Amino acid sequence: MTMPITDAFNRPLRDLRISVTDRCNFRCVYCMPKEVFGASYPFLARQELLTFEEIARLAGIFTAHGVTKLRLTGGEPLVRRDLEVLVGMLTELPGVDDIALTTNGSLLSLKKAQALAAAGLRRITISLDSLDEATFQAMNDVGFPVSKVLAAIDNALAAGLEPVKIDMVVKRGVNEHSILPMAEHFRHTGIILRFIEFMDVGTTNGWRMEDVVTAEEILDTINERWPIEAVAPNYRGEVADRYRYLDGGGEIGIIASVTVPFCGDCTRARLSADGQLYTCLFGTRSHDFRSLLRSGADDAEISAFLQAVWRVRDDRYSEIRSAQTIHLKKVEMSRIGG
Ligand code: SAM
Ligand code: SF4
Ligand code: SF4
């Protein structure tokens with residue numbers, strides 16, 4: 001039986017984002033800058049990571065409290081071996097009606113995409129910041145070519161992981177010239193391109209408000225070229241605002257978490273690869289579910305801990321962002337996965 005819980009602002013717990021690793025084969029400048037995430041960076045050791053069994057057990061307890069949507073993320077989730085095994089375990093959980101994956105696409109072969117789909121993955125989001133080779137390689141900072149991400153998108157489509165969504169972080173002076181080429185490329189394809197405002201997640205990406213290309217600027221740029229209109233959200237609390245091209249070119253999304261905060265509808269919890277629960281993307285503290293799990297706690301004890309954490313949740317970082325909050329010691333995006 002499901003026992004829904006609500007937080008201090010009456011927001012239910014609906015989504016769980018599960019990071020399966022803090023490692024990544026990219027060094028995106030806005031997420032894992034090379035200078036910080038170098039050879040001596042203290043990544044988690046294998047035994048610190050939750051096992052698939054531990055993840056599935058926790059996810060089962062979360063679904064019993066109202067979670068219906070699961071998203072696997074990272075770091076780069078596909079660097080975790082046999083991820084489809086975890087997908088299969090999560091698919092079995094009662095109450096789960098959506099399992100999605102966010103990936104940089106670098107390891108998404110056709111075989112992998114088919115294995116994930118066969119295990120029960122429903123949807124996939126692939127990150128791609130530019131079609132321009134020099135720009136993309138400067139952003140992923142490991143020289144990864146655009147063509148391989150485009151091949152990953154084809155693999156996802158061939159495996160039936162539809163709709164495919166593409167996430168593009170826009171950073172001023174870096175890739176705003178790619179907005180129109182990206183829009184053009186994905187128009188009329190059924191693939192939904194979503195533009196994300198550069199966010200002040202963590203403390204290592206040198207975020208400055210001046211570097212944020214606002215949702216309004218992005219929309220104006222597109223609207224001038226191909227007129228668009230707003231579309232009603234699919235459900236309450238949807239993160240991306242939806243728009244469609246008036247000429248029938250399809251749909252785009254905008255994630256305006258900096259300029260148009262959506263904390264009021266935020267129903268998401270985030271579990272790090274080492275079993276720490278964050279109740280906000282900009283979390284400064286976490287709740288240690290791994291210790292509880294490994295101390296031999298039974299489901300009722302874990303459930304009581306989750307209820308205690310969620311009932312007092314009062315996060316609304318994006319609504320109260322200020323010159324001061326930017327410098328708080330916040331968790332890195334590569335730990336909890338956006
Ligand atoms: N490695 C996978 C990927 O890149 O898709 C999954 C993890 S990544 C942290 C999840 C998403 O967060 C990606 O779409 C990435 O572009 C986005 N992201 C990372 N840092 C960001 C930032 N500072 N502002 C906005 N989005 C960011
Ligand atoms: Fe890796 Fe994703 Fe972060 Fe880029 S955004 S460094 S691909 S985790
Ligand atoms: Fe949710 Fe925190 Fe983002 Fe607000 S700032 S929408 S509470 S994750």
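Since the structure is predicted, the reported quantities are computational estimates derived from the model, not experimental observations. Counting starts at 1 for both ligands and their atoms, in listed order.
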Test log, rule salt bridge (charged side-chain N to carboxylate O under 4.0 Å, His left out), inputs R335 and D274: CA-CA 9 Å; R335 284 232 159 190; D274 57 344; 3.5 Å; yes

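- Below 4.0 Å from some heavy atom of N205 lie the following atoms of ligand 1, by number and element: 23 (N).
- For atom 3 (Fe) of ligand 2, the closest non-hydrogen atom of the protein is C31 SG, 2.4 Å.
- Where the criterion is an N or O separation shorter than 3.5 Å, residue side chain and backbone included, S127 meets it with respect to ligand 1.
- Between F37 and F43, the two ring planes are tilted [angle within 30° to 60°].
- Closest protein heavy atom to atom 26 (N) of ligand 1: V169 CG2, 3.4 Å.
- Looking from atom 27 (C) of ligand 1 to the surrounding protein, the closest heavy atom is M333 CE, 3.3 Å.
- Under 3.5 Å, the side chains of S178 and D132 contain no donor-acceptor pair of N or O atoms.
- Here's the thing with M199: one of its N/O atoms is less than 3.5 angstrom from an N/O atom of ligand 1.
- For the pair R270 and ligand 3, a heavy-atom separation below 4.0 Å is found.
- With hydrogens and angles ignored, the 3.5 Å screen pairs no side-chain donor or acceptor of W310 with any backbone N or O of T279.
- A salt bridge links E251 to R242: at least one charged side-chain nitrogen sits closer than 4.0 Å to a carboxylate oxygen.
- For atom 8 (S) of ligand 1, no protein non-hydrogen atom is found at a distance below 4.0 Å.
- For ligand 1, the polar-atom distance check against Y30 finds a nitrogen or oxygen pair separated by under 3.5 Å.
- Ligand 1 does not have M168 within reach: every non-hydrogen atom of the residue lies 4.0 Å or more from it.
- In summary, the atoms of ligand 3 found under 4.0 Å from a heavy atom of S318, numbered by their order in the structure, are 5 (S).
- Ligand 1 has no atom lying under 4.0 Å from any heavy atom of G202.
- No heavy atom of S334 sits closer than 4.0 Å to any atom of ligand 1.
- Note that CG of L193 and NZ of K165 are 12.0 Å apart. Values are rounded to the nearest 0.5 Å.
- With salt bridges taken as basic N to acidic carboxylate O contacts below 4.0 Å, one links R172 and E217.
- Nearest-residue assignment for atom 11 (C) of ligand 1 (options V29, N104, T102, T125; heavy-atom criterion): T102.
- Using a non-hydrogen distance threshold of 4.0 Å, G75 registers as a contact of ligand 2.
- The existence of a salt bridge linking D141 and K34 is confirmed by a sub-4.0 Å separation between a basic side-chain nitrogen and an acidic carboxylate oxygen.
- Nearest to atom 1 (N) of ligand 1 among the protein's heavy atoms is G75 O, 3.0 Å.
- In terms of polar-atom proximity, defined here as any N/O pair under 3.5 Å, T103 does make such a contact with ligand 1.
- The protein heavy atom nearest to atom 1 (Fe) of ligand 2 is C24 SG, 2.3 Å.
- Among the candidates T102, T103, T21, the single residue satisfying the side-chain hydrogen bond (donor to acceptor under 3.5 Å, both in side chains) test with E76 is T103.
- The existence of a salt bridge linking R268 and D15 is excluded, since no basic side-chain nitrogen approaches an acidic carboxylate oxygen closer than 4.0 Å.
- The aromatic rings of F136 and F144 lie perpendicular to each other, with more than 60° between the two planes, well past the 30° mark.
- Closest to atom 10 (C) of ligand 1 among all protein heavy atoms lies G337 O, 3.8 Å.
- Nearest to atom 6 (S) of ligand 2 among the protein's heavy atoms is C28 N, 3.4 Å.
- For atom 2 (Fe) of ligand 3, the nearest non-hydrogen atom from the set G283, C266, S257, C280 belongs to C280.
- Comment: K171 does not engage D129 in a salt bridge, judged by the lack of any side-chain N to carboxylate O separation of less than 4.0 angstrom.
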